[in-house]
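Note on naming: letters A, B, ... go to the chains in the order of the sequence lines (proteins, then strands), and numbering restarts at 1 for each one. This one's a predicted model, so the numbers in the text were calculated from it and none came from an experiment.
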There are 2 protein chains.
Amino acid sequence: MSKSLLQLTPVEAVACCSPVTREPLTADAAERIAPLVKAIADPVRLRLLSIVASHADGEACVCDLNDAFDLSQPTISHHLKLLHEAGLLEREKRGVWVYYRVNAAALGDLSALLGGVGA
Amino acid sequence: MSKSLLQLTPVEAVACCSPVTREPLTADAAERIAPLVKAIADPVRLRLLSIVASHADGEACVCDLNDAFDLSQPTISHHLKLLHEAGLLEREKRGVWVYYRVNAAALGDLSALLGGVGA
DNA sequence: CATCGATATTGACAGATGTCGATGTCATGG
DNA sequence: CCATGACATCGACATCTGTCAATATCGATG
């Protein structure tokens, strides 16, 4: 009943791994983790994530996000899509507007993966 | 006496910032952090970092690293250079061999930046 | 149902990135 | 001082990525 590995979002595929500094990553693990890191390896996406995360109610409307950047609306939409596909942002449409909120566990897993604070 | 901002390695430029989830990143901060994230946003570099970090004595010779991959020596050298320039790996030449070790604080800062475990 | 406004998708393009083979550098050993 | 072996640099190339303008989709509203 579980999804095949290839259907997992990057976030789901990462939740399992021990910290990077503890033991050598396997090639497979690295291939699964890298897309998640890539998702935040861009200044615009870092800001998007940060704005959503620190926004009141923990969610932000796309309309707010567009205004925060000097970029076209399709470009912002593109970055939001990447963050969503990586599993870092959740998407909810309410009426005409679309709201994004961060997947809190995702950033935590990624952080633990790097810092090794977790088990 | 301090280096100008542009001379800082990505790692040095990041050590100052509050967690991504606490308050919106400024455009400047995002531009400084992104290169550090980019440095680990590649499966080969993730593995290199992981192998070095978990290696006995905390350091690894390039000769060991080359053997761990099915890639050409220049390619590994290239990735090591990127990690070094980002400030994540330190480089020491001893005789004919070159040893890399991780900048422990660097990964920690990055982890804290994402996870917000720090202040 | 015609329109409008919010968001997503498409197509195109310039620039960045990962890879390799060839070559350079530099310390060591003969 | 020449050869060798370890590592870095260079130049070329294919692919990936970020961006935009144009267009599509889809609720809401008159």
Side-chain donor/acceptor of B:R91 to backbone N/O of B:L80, under 3.5 Å: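 A pair under 3.5 Å: no.
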
Expected output: side-chain B:N103 to main-chain B:L89 donor-acceptor under 3.5 Å: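 No, the answer is negative, given that no donor and acceptor are paired below the 3.5 Å cut-off.
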
Atom [atom1] of [X] to atom [atom2] of [N]: distance rounded to whole Å?
X	N	atom1	atom2	value
B:K81	C:dT17	NZ	C1'	14 Å
B:I40	C:dG18	CD1	P	13 Å
B:D64	D:dA6	CG	P	12 Å
B:L46	C:dG18	CG	P	11 Å
A:N66	C:dT7	CG	C1'	8 Å
B:Y99	D:dA8	OH	P	13 Å
B:L83	D:dC7	CG	P	16 Å
B:L80	C:dT19	CG	C1'	15 Å

Closest contact, heavy atoms only, A:L46 versus B:A30: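 Here A:L46 and B:A30 meet closest at CD1-O, 4.0 Å.
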
Sorted by number, the residues of residues 50-62 of chain A with heavy-atom contact under 4.0 Å to DNA chain C: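 Heavy-atom contacts with DNA chain C come from A:C61, A:V62.
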
Touch class at under 4.0 angstrom, heavy-atom based, for B:Y100 against every strand present: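 If one applies the 4.0 Å heavy-atom cut-off, B:Y100 turns out to touch the sugar-phosphate alone, with no base involved.
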
Sequence-distant partners of B:T75, side chain to side chain contact (heavy atoms under 4.5 Å, CB included), two or more places apart: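 B:T75: side chain to side chain contact (heavy atoms under 4.5 Å, CB included) contacts with B:L71, B:S72, B:H79.
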
Which residues share a side chain to side chain contact (heavy atoms under 4.5 Å, CB included) with B:D28, sequence neighbours left out: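 Here the qualifying residues are B:T26.
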
Sugar-phosphate or base contact per nucleotide [nucleotides 18-30 of chain D; S, B, -; heavy atom under 4.0 Å]: SBBBB---SSS--

Residues clustering with B:L82 (ILVMFWY side chains joined when closer than 4.5 Å, directly or via others):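 For B:L82, no cluster forms, as it stays isolated from other hydrophobic side chains.
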
Test item: B:V102 and A:T21 side chains (from C-beta on) under 4.5 Å apart, heavy atoms: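 No, every pair of side-chain atoms sits at 4.5 Å or beyond.
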
Check: B:F69 and B:V44 side chains under 4.5 Å, non-hydrogen atoms: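 They are in contact (side-chain heavy atoms under 4.5 Å apart), so the answer is yes.
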
Listed once per pair and sorted, the salt bridge (charged side-chain N to carboxylate O under 4.0 Å, His left out) pairs that draw on residues 47-60 of chain B, sequence neighbours left out: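 Counting only pairs at least two positions apart or across chains, the salt bridge (charged side-chain N to carboxylate O under 4.0 Å, His left out) contacts touching residues 47-60 of chain B are B:E59-B:R94, B:E59-B:R101.
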
